[in-house]
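Step one of this worksheet: look at the structure below.
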Amino acid sequence: MSSVVETRGLTMQFGGVTAVDNVDFRLERKELRCLIGPNGAGKSTFFKCLTGQLKPSGGHVFIDGEDTTGWDPHWIARLGIGVKTQVPSVMDGLSVRENIWLSAYRTHGRQKARRLADDALERLGLGAIAKSQVGRLSHGERQRVELGIVMAGEPWLVLLDEPAAGMTAEEVGRMAEIVAELNREAAIIIVEHDMQFIRSIARTVTVFSQGRILIEDDVDTVMNDQAVRDVYLGKKA
Amino acid sequence: MGEFRHAATVIAIAFVAMLIGPSLLDTYTLTVLIIYGLLALSLGLIWGFGGILCFGQAAFFGLGAYAYAIAAINVGESTVPFLLGIAVPAAFAFVLGAMMFYGRLSDVYLGVITLVVTLILFKFVNSTAGPEYVIGTARLGGFNGVPGFQTLNVPGYPNWYIYDRSFYYFCAVTLLVVYALMRWLIASPFGRIAVAIRENEQRVELMGYDVRFRKTVLFAIGGAIAGLAGTLFASWAEIVTPGLFSLAQSAEVIVWCIVGGLGTLTGPVIGAMILAFLKFLLGQQGQFDSTLILGLILVLSVLFLPRGVVPSIDLLRKRAGLSGRRTAPGRRRRRARSMADV
């Protein structure tokens, strides 16, 4: 099969609440897909089922043809997947460089790690603060450090949970460039709220609502869809 | 490399202190201070760098001492018992750690379990007074402990005892070697990943590292060092008693680390030596209750030096350096060094 990510009947229940309800989803190689939807639609839960942070209560997840349902996060990550979580998840007590180096070291060993880390630092414009402790950086810088962690692992599948959250317009523009660059090598799934950001990068968009896929189509079609406007955009306007 | 120079400086100072020490204080007291320093170092490693707060470091300390004593009675020569005194607690820590980390216990439960394990060991060893509790030719002895075992000797020569001043030097050099090894460990990828786990476990997992296994290994290394301290303690005291497993002992190690400074290796060692020495001094007078005063010191140090003695001194030194010569490149480099690396 050519799809790199596939879910069949994926379901996640928390007690009586069904956060993800019987979702069938496919992502092709080097595709870029945005997941959108109102708060509580199940995007992040779906995302966490893919990364292994949550064990689904039903259904299956296939990554690169392999049934990864119920795997531990580190095994899933080892398939070559870069994950960026919703809140910047970085190591505050370590330097920017160490943060990124650790990721490259895991995937490529000591010899290549140094070069990969330098490369990621340069591409993200973090060179000047490479030695700073991450805990002292601004939110936007920390977001970039986390992207660096993702990038340095040279993943073929990237999962980004709200990469543009809390960033300035300028930073969002830069983020879009970085995502486009990552997309040259990797398939990407992005969970996002920022409509402007989505318009600037997305081709296909999947809309979640109440744990299900409401619609999955071209970005312009989705934006003009009345049902989507009702559940999501209408609320924001 | 600043990192290497810093470690070398610490070792050089410690080496000089080791030589001067005996002219200030009797070696018998100095030796036990060093052993406590080693015990504190073991907790300082797993807590300060791995983020694992173990309430039962005394369990590994006691296990090391008992493993050594029992093996020494059976073997009669100290080399194998010495190694067992390290290996037994290390293996025990590995199994206990695996159970806790693979079971995904949260930090609070980790504390509870390590505490309870210490209590169980204490209760168990305390109740082994009967003649049926025998390992080989060694009786466990219950609350009376195990006396009369072979103390440390030169490997292969059971009659050449390492005692008194030579034992002091042996312990001091052991501490220095362990310190150097741990510095190396922390600077190695394994150590950096351990620190990363302390900082953000989820992130490290999402990078693809097996967090549970790494924590288990680190925990076992901590157990091995505590066991080594216990082994030396057995040789120093020439008797091992259930008191080694006591909660007081476990709590004391934690206090040493807090006062000395977490996130450093020298901090816990210095904290242990200062506080253990104070306790020793206070024990010689009858006017004040020593635990009361030690408690007061803990409270004051948490209030005024929340990061501990060693990190605070380091901070002062850096500030002094900064206001003095702002542009000196060496100072800048030192300032840039992450505080976790002392």
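Naming: A, B, ... by sequence-line order, numbering from 1 per chain. Note: hydrogens, waters and symmetry copies are ignored here, and every other heavy atom, side chains too, is used.
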*Give the intermediate values and the outcome of side chain to side chain contact (heavy atoms under 4.5 Å, CB included) for residues B:L206 and A:T51.*
CA-CA 8 Å; B:L206 289 174; A:T51 61; 4.3 Å; yes
*Can you find a heavy atom in the side chain of B:V211 that is under 4.5 Å from one in the side chain of A:H74?*
no
*Kindly check if the number of other-residue, nucleotide or ligand heavy atoms within 6.0 Å of CZ (B:F190) is above 12?*
yes
*For A:D92 and B:N200, what are the C-alpha separation, side-chain angles and deciding distance, and is it a side chain to side chain contact (heavy atoms under 4.5 Å, CB included)?*
CA-CA 8 Å; A:D92 280 343; B:N200 191 337; over 6 Å; no
*Do A:R78 and B:D210 pass the side chain to side chain contact (heavy atoms under 4.5 Å, CB included) test, and can you show the C-alpha distance, the side-chain angles, and the key distance before you say yes or no?*
CA-CA 10 Å; A:R78 280 182 193 194; B:D210 190 345; 3.9 Å; yes
*asked:* Looking at A:E181, I want to see if its CD is surrounded by more than 12 non-hydrogen atoms of other residues, nucleotides or ligands under 6.0 Å.
replied: yes
*For residues 92-122 of chain A, which residue pairs qualify under ring pair (Phe, Tyr, Trp, His ring centres under 6.0 Å), counting only residues two or more places apart or in two chains?*
A:W101-A:Y105
*Measure distances from A:N99 to the heavy atoms of chain B and classify the residue's part below 4.5 Å as side chain, backbone, both or neither.*
backbone
_I want to check something: taking the side chain as every heavy atom from C-beta on, are B:I193 and A:R106 in contact at a cut-off of under 4.5 Å?_
no
_At under 4.5 Å between heavy atoms, what parts of residues 139-146 of chain A are in contact with chain B? List them by residue number._
A:E146
*If you round to the nearest 0.5 Å, how far is OG of A:S95 from CZ of B:R192?*
8.0 Å
_Beyond-backbone contact of B:V195 with A:L94, side-chain heavy atoms, under 4.5 angstrom_ = yes
*If you round to the nearest 0.5 Å, how far is OG1 of A:T107 from CE of B:M207?*
9.5 Å
*Least distance between heavy atoms, B:Q202 atom then A:S89 atom*: OE1-OG, 3.6 Å
*Tell me, for A:V90 versus chain B, whether the close heavy atoms (under 4.5 Å) come from the side chain, the backbone, both or neither.*
backbone
*Measure the shortest side-chain to side-chain distance between B:R212 and A:D72 over non-hydrogen atoms and say whether it is less than 4.5 angstrom.*
yes
*Is it the side chain or the backbone of A:I76 that comes within 4.5 Å of chain B heavy atoms, both, or neither?*
neither
*Only counting residues at least two apart or in another chain, list the ones meeting ring pair (Phe, Tyr, Trp, His ring centres under 6.0 Å) with B:Y36.*
B:W256
_Restricting to side-chain contact (heavy atoms from CB on, under 4.5 Å), what partner residues turn up for A:A176, sequence neighbours left out?_
A:F197, A:S200, A:I201
_Does any backbone or side-chain atom of A:I149 lie under 4.5 Å from a heavy atom of chain B? Answer side chain, backbone, both or neither._
side chain
*Mark yes when over 12 heavy atoms from residues, nucleotides or ligands other than B:F213 sit less than 6.0 Å from its CZ; otherwise mark no.*
no
*A:Q53 versus B:E205: any side-chain heavy-atom pair under 4.5 Å?*
no
